[in-house]
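Beneath this line is the structure, given in structure tokens, with notes to follow.
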Amino acid sequence: MKKLEQVYEGKAKKVFKTDDENLFIVDYKDDATAFNGLKKGTIAGKGAINNRMTNSMMQLLEQHGIPTHFVKELSERETLVKRVKIVPIEVIVRNVAAGSLAKRLGLAEGTRLKSTVLEYCYKNDDLGDPMINEYHVYAMGLATKEELEKIAAYSFKINEIMTEFFHEIGVDLIDFKLEYGITNDGTLVLADEISPDTCRFWDVKTGEKLDKDRFRRDLGGVEEAYQEMMKRLLAHNAGGQN
Ligand code: TMP
Ligand code: ASP
């Protein structure tokens with residue numbers, strides 16, 4: 001598979017064309033940003049960890065019937081994926097109040113929610129990804145009703161699968177962000193990444209944060225947190241349970 005010209009560079013990844021018009025190559029960077037790019041830095045080794053963790057999660061989800069863009073891991077940082085048109089909606093799933101939800105609703109961080117919360121944000125950096133609801137989605141034509149219903153159903157199912165998986169490695173899945181895309185043949189698939197950049201992971205026993213909040217909030221031990229998540233994931237997968 002030939003890596004051709006770059007089609008996109010985001011805050012954490014670059015995307016390249018290939019000689020197959022239905023496939024792209026994603027290249028993960030160590031760059032980290034927060035607060036819509038206001039805070040910038042690097043997290044050594046993050047690209048490789050996020051690539052591997054994302055691919056591992058995508059394969060787990062595929063096994064449970066969730067269609068994803070994943071095709072094949074090519075190297076430490078590069079993965080072959082289906083070419084998609086990203087649906088410009090960030091889907092956030094929350095089990096425990098944290099981050100912007102805790103702030104917006106005045107809930108103490110760590111308050112377990114009585115039921116799962118699903119939120120949508122309009123993916124637009126210039127506007128700071130404002131929160132929207134399904135009416136805005138339809139009014140702006142961001143997705144059809146059929147697509148959004150599928151997005152919601154997949155997201156709740158992904159939450160169940162991932163909550164159980166992370167629990168097995170001693171991690172409480174607090175919340176996470178998903179993005180979906182439409183392939184050239186019109187199929188809705190899970191895209192983007194699933195990593196400590198896009199999820200909140202708290203150690204079940206100690207409550208220690210093992211995700212990008214360590215970078216966002218200057219808590220120190222950022223690289224160590226990413227490495228710890230990778231170590232647990234690898235140990236679990238080596239156990240043959242994947
Ligand atoms: P929030 O509490 O800041 O709204 O974040 C909710 C979840 O979404 C959290 O797991 C981090 C993730 N997230 C992203 O992946 N990208 C973003 O740009 C933001 C704001 C959050
Ligand atoms: N990466 C996002 C940004 O820079 C935000 C975040 O993950 O906190 O906007």
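Hydrogens, waters and symmetry mates are skipped; everything else that's a heavy atom, side chains included, is used. Both ligands and their constituent atoms are indexed starting at 1 by order of listing.
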### Task
Measure from the side-chain N and O atoms of Thr116 to the backbone N and O of Asn95, and report whether any donor-acceptor pair falls under 3.5 Å.
no
### Task
Can you spot which of Ile25, Leu80, Thr79, Asn55 makes a side-chain contact (heavy atoms from CB on, under 4.5 Å) with Val71?
Leu80
### Task
Identify the protein heavy atom lying closest to atom 8 (O) of ligand 2, giving its residue, its atom name and the separation to 0.1 Å.
Arg216 NE, 2.6 Å
### Summary
Under 4.0 Å from one or more heavy atoms of Lys212, ligand 2 contributes atoms 1 (N), 6 (C), 7 (O)
### Query
Can you find a side-chain donor-acceptor pair between Thr42 and Asp30 that sits under 3.5 Å?
no
### Task
May I ask you to check if ligand 1 and Asp129 share an N or O to N or O distance below 3.5 Å?
no
### Task
List the closest protein heavy-atom neighbour of atom 6 (C) of ligand 1: residue, atom name, distance to the nearest 0.1 Å.
Arg200 NH1, 3.6 Å
### Centroid separation Phe201 to Phe166 less than 6.0 Å
yes
### Qualifying residue, where the test is side-chain contact (heavy atoms from CB on, under 4.5 Å) with Pro196 and the options are Lys212, Lys46, Met53, Arg214
Met53
### Message
Determine whether a donor-acceptor pair (N or O, by modelled atom type, separation under 3.5 Å) exists between the side chain of Glu164 and the backbone of Glu160.
### Response
no
### Task
Applying salt bridge (Lys or Arg N to Asp or Glu O under 4.0 Å), run through Asp31 and Lys11 and close with a yes or a no.
CA-CA 7 Å; Asp31 298 350; Lys11 287 177 262 187; over 6 Å; no
### Message
Under 4.0 Å, heavy-atom basis, I'd like to know which part of Cys199 is in contact with ligand 1: side chain, backbone, both or neither.
### Response
backbone
### Interfacing atoms of ligand 1 (cut-off 4.0 Å, heavy-atom, Phe176)
10 (O)
### Query
Can you tell me which residue and heavy atom of the protein come closest to atom 11 (C) of ligand 1, and the distance to 0.1 Å?
Arg216 NH2, 3.6 Å
### Asp197 N/O under 3.5 Å from ligand 2 N/O
no
### Query
Would you call Asp197 a ligand 1 contact, heavy-atom distance under 4.0 Å?
yes
### Query
So how far is it from Lys13 NZ to Lys29 NZ, rounded to the nearest 0.5 Å?
9.5 Å
### Summary
the protein heavy atom lying closest to atom 1 (P) of ligand 1 turns out to be Ser100 OG, 3.4 Å
### Task
Heavy-atom distances under 4.0 Å are what count here, so tell me which part of Lys11 touches ligand 2: side chain, backbone, both or neither.
side chain
### Query
Nearest to atom 10 (O) of ligand 1, what protein heavy atom do you find, and at what distance?
Asp175 OD1, 2.5 Å
### Summary
Of Lys11, Lys177, Glu90, the one whose closest heavy atom lies nearest atom 18 (O) of ligand 1 is Glu90
### Task
Return the residue, atom name and 0.1 Å-rounded distance of the protein heavy atom closest to atom 4 (O) of ligand 2.
Thr33 OG1, 2.5 Å
#### Entry: Cationic tip of Lys39 above Phe215 ring, under 6.0 Å, 45° of axis
yes
#### Entry: Criterion salt bridge (Lys or Arg N to Asp or Glu O under 4.0 Å) on Arg217 and Glu109, from CA distance to verdict
CA-CA 14 Å; Arg217 304 178 185 189; Glu109 244 196 344; 2.8 Å; yes
### atom 14 (C) of ligand 1 protein-contacted (non-hydrogen atom, under 4.0 angstrom)
yes
### Query
For ligand 2, which atoms, with element, lie under 4.0 Å from some heavy atom of Gly37?
3 (C), 4 (O), 9 (O)
#### Entry: Numbered atoms and elements of ligand 1 in range of Gly99, under 4.0 angstrom, heavy atoms
2 (O)
### Query
Does His236 have its ring centroid less than 6.0 Å away from the ring centroid of Phe165?
yes
### Query
Given that the side chain starts at C-beta and the backbone is N, CA, C, O, which of these parts of Asn36 lies under 4.0 Å from ligand 1, counting heavy atoms, or is it both or neither?
neither
### Message
Quick check on Arg94 - does any of its heavy atoms sit under 4.0 Å from an atom of ligand 1?
### Response
yes
### Query
Is there a salt bridge (Lys or Arg N to Asp or Glu O under 4.0 Å) between Arg94 and Asp175 once you walk through the steps?
CA-CA 4 Å; Arg94 302 181 185 269; Asp175 58 32; 3.4 Å; yes
